[in-house]
Amino acid sequence: MKRLTTLILILITIFYGALLFAMTPTGGDDITIIHAGTLLAVPGTAPKERQSLVISNGKVIEIIDGFVNAEEYSTESNVTTVDLSQRFVMPGMMDMHVHLTMDNRAARSNFYKTSDADFAMVAVENASLTLMAGVTTVRDLMAMSGEAIMAVRDAINRGVIPGPRIIAAGYALSATAGHSDHFNVREDFAQLYHSSGVCDGAVDCRRAVRDQYKLGAEVIKIMATGGGGDRNGKKDSAAEMFSDELVAIVQAAHRLDLKVTAHAHGTDGINAALEAGVDSVEHSSYMDDTSIKLYRKTGAHLVATAALPKYFQQHPDIPDPVKMGLKVKAVEVNELLHKAHKNGVLFSMGSDAGISNHGDNADELLSYVEIGMTPMEAIETATVNTAALLGMSDKLGSLEPGKIADVIALDRDPLQDISAVKEVSYVMRNGIVFKHR
Ligand SMILES: [Zn+2]
């Protein structure tokens, strides 16, 4: 008898619990209808005027011609209409190369003075700046603290703090004394701060991939050459890693379903990385005809960071060696980027924010127009192309039924003047509004 009473009590609790749950208005049941003056739903296809973008549960439900009112649409659901009838509405931008734990306000990123917790706080601030600039997805391609970037990513995913969706690399993979190893410091310091990304030889480099995966990485970053201002970052510098190391990294990463991207400036490093089967190359400064052929053959994307040289020129306070390297770049590299684009190489947008300013990510698109892209092509590099590079074309990059509702609005038409991408007045990520002015 006692058992039966307990059972009845449990059933009543479940029933009322379910009833209470059904009665509680959940965010998921709400519907948002955005009245878009102009809607560029799928970059690469023509935009349409006066469209209603219907969003629920963080996803696009449908797109209707004309402006549909809440009452017309549904009397059962809680429907909110958003007036963007004077704006240009498009998918959120995606930046494939940022460093959220890094800050060009140098004192905030001094590795030897800053704790993991400090780096997390730096990343929290930068994540917010990024999202408010209309960038709803980023790849973080090397963190000052692997723990910090994963914690910030997870907090954003939980909805605790504002920021873009982060695909994080953790620590970059580099040979000893390579671009992301610590050098020019006391040897005992260098030993102490030895990153799990530093590896020598194929076996050790497989281990380094797995270490980043264990840390929570969703993409792998390789340093195939030195930095732009480094001894090993010149046009004719040899790759910093051997081919067996590059191949081992790509194979180990792909087995874990992780994409691989390689930082490379010199021709040898670019071509070695492409031959090893990387999914994208960062900077790709000194390409030759072989590089362009390899891009075409493998389908790898070029993440140009083309706005960076201009940023350095405008900031005389940047240290000289870095500036010298990039001054040369500005002229010669832009011609090579132009050639790559004309020859059908796929570009994905990447700004290297963290070196340049967080929140100025969209400057990159202005540079793409300068190297010969149409404004539409530039927008494609930050939407449909980036979604393809991430292997997330089914979820991101365009606004179509079933896709994630990452939506931004601009005050002006970027197809007329690309600088309009700098004037973001509305930001929605996963169906949640973060900015509306
Ligand atoms: Zn970078």
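Owing to the predicted nature of the structure, the values given are computational and were not obtained by experimental measurement. Positions are given from 1 along the sequence.
A donor-acceptor pair is defined here as one N or O able to donate and one able to accept, closer than 3.5 Å; such a pair exists between the side chain of Arg429 and the backbone of Gly163. Judged by distance alone, the side chain of Glu364 and the main-chain N or O of Ala307 form a donor-acceptor pair under 3.5 Å. No donor-acceptor pair under 3.5 Å is formed between the side chain of Ser356 and the backbone N or O of Leu308. Under a 3.5 Å cut-off, the side chain of Lys435 and the backbone N or O of Val424 do form a donor-acceptor pair. Between the side chain of Asp140 and the main chain of Ala168, no donor-acceptor pair closer than 3.5 Å is present. With hydrogens and angles disregarded, a donor-acceptor distance shorter than 3.5 Å links the side chain of Tyr171 to the backbone of Gly146. Proximity of a side-chain donor or acceptor of Ser145 to a complementary backbone N or O of Ala148 within less than 3.5 Å is detected. Looking only at distances, no side-chain donor or acceptor of Ser280 sits under 3.5 Å from a matching main-chain atom of Leu302. Listed for the Ser77 side chain is no donor-acceptor partner under 3.5 Å among the backbone atoms of Val79. Remark: the backbone N or O of Thr176 is paired with a side-chain donor or acceptor of Asp200 at under 3.5 angstrom.
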Quick one, Arg412 with Ser419, criterion side-chain hydrogen bond (donor to acceptor under 3.5 Å, both in side chains). Give me CA distance, side-chain angles, the key distance, then yes/no. CA-CA 9 Å; Arg412 296 182 290 120; Ser419 72; 3.2 Å; yes
Quick one: do Ile249 and Met241 satisfy side-chain contact (heavy atoms from CB on, under 4.5 Å)? Show the steps, please. CA-CA 11 Å; Ile249 291 167; Met241 282 184 158; 3.8 Å; yes
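Two residues are said to be in side-chain contact when any heavy atoms from C-beta on lie closer than 4.5 Å; Ser285 and Leu336 fail this criterion. Annotation: side chain of His265 is not in contact with side chain of Val333 (no heavy-atom distance under 4.5 Å). Ile31 has its side chain out of reach of Ile61: every pair of non-hydrogen atoms, C-beta onward, lies at least 4.5 Å apart. The closest side-chain heavy-atom distance from Met287 to Lys339 is not below 4.5 Å. In this structure, the side chains of Met102 and Met142 come closer than 4.5 Å at one or more pairs of heavy atoms. Taking the side chain as every heavy atom from C-beta outward, Asp411 and Arg87 approach each other to under 4.5 Å. Looking at heavy atoms from C-beta onward, Lys259 lies out of side-chain contact with Leu389 at the 4.5 angstrom threshold. Side-chain contact between Tyr286 and Thr225 is absent, with no heavy-atom pair separated by less than 4.5 Å.
Applying the salt bridge (charged side-chain N to carboxylate O under 4.0 Å, His left out) test to Asp268 and every residue at least two apart in sequence or in another chain returns nothing.
A distance of 5.0 Å separates CE in Met90 from CD1 in Ile379, rounded to the nearest 0.5 Å. The distance from atom CD of Gln251 to atom CG of Leu256, rounded to the nearest 0.5 Å, is 12.0 Å. From Leu365, atom CG reaches atom OG1 of Thr381 across 5.0 Å, with rounding to the nearest 0.5 Å. Atom CG of Asp103 and atom CZ of Phe119 lie 10.5 Å apart (nearest 0.5 Å). To the nearest 0.5 Å, atom CG of residue Leu53 and atom CE of residue Met428 are 7.5 Å apart. To the nearest 0.5 Å, the span separating OH on Tyr295 from CD1 on Ile270 amounts to 6.0 Å.
Around CZ of Arg207, the count of heavy atoms belonging to other residues, nucleotides or ligands within 6.0 Å exceeds 12. Around the CG atom of Asp188, the shell of radius 6.0 Å holds more than 12 heavy atoms that belong to other residues, nucleotides or ligands. Counted within 6.0 Å of CZ on Phe434, heavy atoms from surrounding residues, nucleotides or ligands total more than 12; the atom is thus considered enclosed. For CD of Glu147, the number of neighbouring non-hydrogen atoms (other residues, nucleotides, ligands) closer than 6.0 Å is 12 at most.
Each side chain to side chain donor-acceptor pair (under 3.5 Å) pair with one or both residues in residues 235-249, not counting sequence neighbours, appears once here: Asn232-Glu240, Lys235-Glu332.
Residues Ser351 and Asp95 bring a donor and an acceptor atom of their side chains to less than 3.5 Å of each other. There is a side-chain donor-acceptor pair under 3.5 Å between His99 and Asp352. Looking at Thr261 and Glu282, their side chains do bring a donor and an acceptor atom within 3.5 Å of each other. Under 3.5 Å, the side chains of Asp288 and Asn271 contain a donor-acceptor pair of N or O atoms.
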What pairs of donor and acceptor atoms, side-chain ones from residues 398-407 against any protein atom, are under 3.5 angstrom apart with sequence neighbours left out?
unit_1 : atom_1 : unit_2 : atom_2 : d
Ser398 : OG     : Glu400 : OE1    : 2.6
Ser398 : OG     : Lys403 : NZ     : 2.8
Glu400 : OE1    : Lys403 : NZ     : 3.0
Lys403 : NZ     : Ser393 : O      : 2.8
Asp406 : OD1    : Arg165 : NH2    : 3.4
Asp406 : OD1    : Asn430 : N      : 2.9
Asp406 : OD2    : Arg165 : NH1    : 2.7
Asp406 : OD2    : Arg165 : NH2    : 3.2

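For His283 and His97, the gap between ring centers is short of 6.0 Å.
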